[in-house]
Amino acid sequence: MPRRRTVRLVLATTAAVLVVALVAAVVAAVVVIRRPLPEVSGDLRLPALDAEVTVTRDARGVPTITATTSADLFRAQGYVAAQDRFFEMDYRRHVTSGRLSELVGQNDAALEADKVIRTFGWRQVAEREWAILQPSTREALTAYAEGVNAYLADRAPAAIAVEYTVLGTQVHVDAPEPWDPLDSLTWLKAMAWDLRGNYDEELARAESYATIRDVDRVNDLFPTYPVSINAPIVGAEQAVPPATAAASRDDADEETSTAAATLHLQDEDARGALLAASAAIDAVPHLLGEGEGVGSNSWVVSGSHTASGSPLLANDPHLGISAPGIWAQVGLRCAPVGDACPYDVAGFSFAGFPGVIIGHNGALAWGLTNLGADVTDFFLERIDGSDALRDGEREPLTTRTEVIKVNGGQDVTLTVRETVHGPIVSDALDLGGVVTAPTPESAPGGRYAVSLGWTALAPGHTADAVLAMDLATDADDIARVARLFDVPSQNIVFATTDGHIGYQAPGRIPVRARVAGDVPSDGTWPRPGWDSAYDWQGYVDPEDMPAVLDPPSGILVAANQAVTAPGKGPFLTRDWDYGYRAQRIRSELEAQVAQGTTITAETVSTLQNDVRSPYADVLVPTLLTIPVADAFDRDGQDLLRTWDRRMDQDSPAAAYFAAVWKSLLELTFADELPEGARPDGGSRWLEVVRRLLDSPGSPWWDDRSTTGVVEGRDEILSRALVQARRQLTQQLGSSTDDWRWGKLHVAAPEHPVLGGDSVPAIVRRLMNPQGIEVGGGSSIVNATGWDASSGSYGVTSAPSMRMVVDLGDLDSSTWVTLTGTSGHPGSVHYTDQLAAWAHGRTYPFPFTPAATEADASDRLTLRP
């Protein structure tokens, strides 16, 4: 899929007065930049508090908050989050409520984002969700909002964040409106959107079919999971719950009809509706990340294999890179811990939401990775006037009117229509997504439209799950959390201080009935909305979701691979990550165990930074057999002969191999696939190419742009070797000694609004950290992903943090985040972790009161 447009072009022409204000005098610049920096020591009054709260910060500005009641704990967390990152919170709430145009003014990208998110109705879902949450969760959200608002009170925008000063040169900037608990809830919808599974693949299948017109060949591009070489999370040694007949699927025998499997896609106008839906989806800003690289590593090792005799847990979520980074490190402590205040937890939170999302308490540590379950379906609808056609009958559409306010411009009115399946997304951007169409026999009358079915568009209990996770102490608690964790569907790995390790799959997973006919009914292709047989049949029973406690191997790895082997447990999706990264982790851990090496926190941290390329293991042996006639061109191929197949930042061979991979994908697939379905180079494409290498005469190798010749595998591989050599000569020089992967592969976090080239350079330099060279790559344990379909090797996703928890000595745990804990570019903590992150280093993660006190650099007392 194409890269999503961001909304960081909102300052296409920033007023020159800003540049003058920032460069006129050093003193003036310092005042503008430093004015929003918070007070982190001394005494402050926080009127909403019931009792005194202390906030200590370590040398990197990470806060530990200690309170006597839960309400005060979350009030203080809200206050501290607003101190450090309020603009980030404000930006997120404007995006998730479809109100970005209110913040940034007249901008096409912002307005399109607002239209699509209003069509989704994220805010309305959050409003319905509020009513079903547990009272304690509503109290926590309310207290958090009180803390945020206590910080905002009587502060001018320029004293809150420098971004408001910049925006004020272009649009009118009022004091931020008070934080509402619903602002926190709506953020969860954005999290669920970025971490949903399968939607990209579903649309890519449809777009690929548009040019290939052969279902078998489309299926070549979406191979089945290679369970024989890459183990699922729950392996053969583990038991999974017996699935109900309705929920069960067997990937080995699921229908993949090779007849006209996409009757509804053969019509040009129906395809137009799907392309319009795709354009609408592309307009949504991604707040956590996008594309194939969004995933995570997590694993747990039992004490039988560790030096301490206690479990170790590792987690590093792979998300988009941004400034500031996605995560906010925090410790939340009740003193004393008891019924009135049960929290004693530390880890990674989101600015704008109470509690800790990933971390540990005194009894249990947990990590999250994206399960990738198929929780979205696109339904091709037949619309006749104000009705949808369904089973030969007419059903009225539901409509509502949304008014989008534009800062400095005219209001925009949007009519949103919904079918029984969900909102119609194909006409959200007025791109002609609902078009007059010929009438297929199976869908008489009407016009085509595309609606979105998505589990997150029904209210759920994820907010309850976050706070319940913070209090979990054992596997039974994790199972209860999983029943609440509706969306996004996440793999949970956990370990306890008393020696247990485990895995739990949560999530609200649709059940799809088998439907005889030409349209696959497993959620892999858009579904005919006019036939109720394709409707969801409820959801998988939480009791049927896979879970493991204390596996005999003493190792559990959850890194976005298949959860179970085919036919085991409920059907979750076909479109997994293909497991090469997960298998590398498992193989390394098993090798250490087999050698009798005891595993330590240090060895786990080292494994998080592993850069061995599974692409190289698959492709290099064949590349070395390909004749390259010219000695100059052979210089590149010769690099591969002694290469250790590691994507180290200083490696010339790694740079060359990445260029070969990019060229290979282009030469093999660009002649047949539309732009939206071009290879991004992720794990799916690795599996596609692995299988094609064994079929040197496959039609995929033939370059359709040439006439009178049919190319085979070796011809295309030879071209890729030569093309890569010549392209790198232009980029890095003619001598391969001057090549380095890091010169191409740069991690450059950007501000979501002030990061684009259209922003004046002085502002870009202020808001965006200088890019830093890194190793790693897509589907590598150190997953610094890049997009092979773009013109760059730059990092698009990466480990957003790294955490290793030692359950034998929690104070010996380690952590690091992408940039730093502060959202203020004038703060030393805006980027003070970036270099350590890039070089694979971590910092101590103290937890106990004595350890956090000893580590404290600043102390702030908040008084009622």
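Residue numbers count from 1 along this sequence.
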Do [X] and [Y] have side-chain N/O donor and acceptor atoms under 3.5 Å apart?
X	Y	value
Y578	N230	no
R802	N297	no
S663	Q723	yes
D787	S790	no
D84	S822	no

So how far is it from [X] [atom1] to [Y] [atom2], rounded to the nearest 0.5 Å?
X	Y	atom1	atom2	result
T817	W837	OG1	CH2	10.0 Å
T784	H745	OG1	NE2	3.0 Å
I599	E602	CD1	CD	12.5 Å
R645	S613	CZ	OG	9.5 Å
L693	L717	CG	CG	6.5 Å
L607	R584	CG	CZ	7.5 Å

request  = Please work out whether the ring planes of W786 and W741 are parallel, tilted or perpendicular, with thresholds of 30° and 60°.
outcome  =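 Perpendicular, since the angle between the ring planes exceeds 60°.
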task = Using the six-membered ring wherever Trp is involved, compare the ring planes of F657 and W643 and label them parallel, tilted or perpendicular (cut-offs 30° and 60°).
result = tilted
inquiry  = On the six-membered ring of F222, is R684 placed so that its NZ or CZ lies under 6.0 angstrom from the centre and within 45° of the ring axis?
reply    =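 Yes.
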inquiry  = Cation-pi check for Y656 against R725: NZ or CZ below 6.0 Å from the six-membered ring centre and within 45 degrees of the axis, yes or no?
reply    = no
Do [X] and [Y] have side-chain heavy atoms sitting under 4.5 Å apart?
X	Y	result
R690	I229	yes
L313	V804	no
F350	R92	yes
I772	H839	yes
Y580	E687	yes
L312	L807	no
V593	S304	no
V795	V746	no

Testing the basics here: between [X] and [Y], what is the closest heavy-atom pair and its distance to 0.1 Å?
X	Y	value
P546	T564	CG-CG2, 3.8 Å
A653	L640	O-CD2, 4.1 Å
S779	P614	O-CG, 3.3 Å
A307	T600	CB-CG2, 3.7 Å

[X] side chain to [Y] main-chain N or O, any donor-acceptor pair under 3.5 Å?
X	Y	answer
Y615	G681	yes
T625	T622	yes
Y793	A655	no
D194	L287	yes
H829	R60	yes
Q561	Q583	no
D316	M801	no
N370	L195	yes

task = Let me see the working for Q490 and Q504 under side-chain hydrogen bond (donor to acceptor under 3.5 Å, both in side chains), right down to the final yes or no.
result = CA-CA 9 Å; Q490 297 287 289; Q504 175 69 59; over 6 Å; no
Sole residue of F847, F845, Y843, W327 in ring-ring contact (aromatic ring centres under 6.0 Å, His included) with W815 = F845
Are [X] and [Y] ion-paired here, with the side-chain N under 4.0 Å from a carboxylate O?
X	Y	result
R612	D617	yes
R586	E590	yes
D374	R574	no

query = According to the salt bridge (Lys or Arg N to Asp or Glu O under 4.0 Å) rule, which pairs have a member within residues 773-785, sequence neighbours left out?
reply =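 Listed by first then second residue: R740-E773.
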message = Run the side-chain hydrogen bond (donor to acceptor under 3.5 Å, both in side chains) test against D648 and tell me which residues pass, sequence neighbours left out.
response = R646
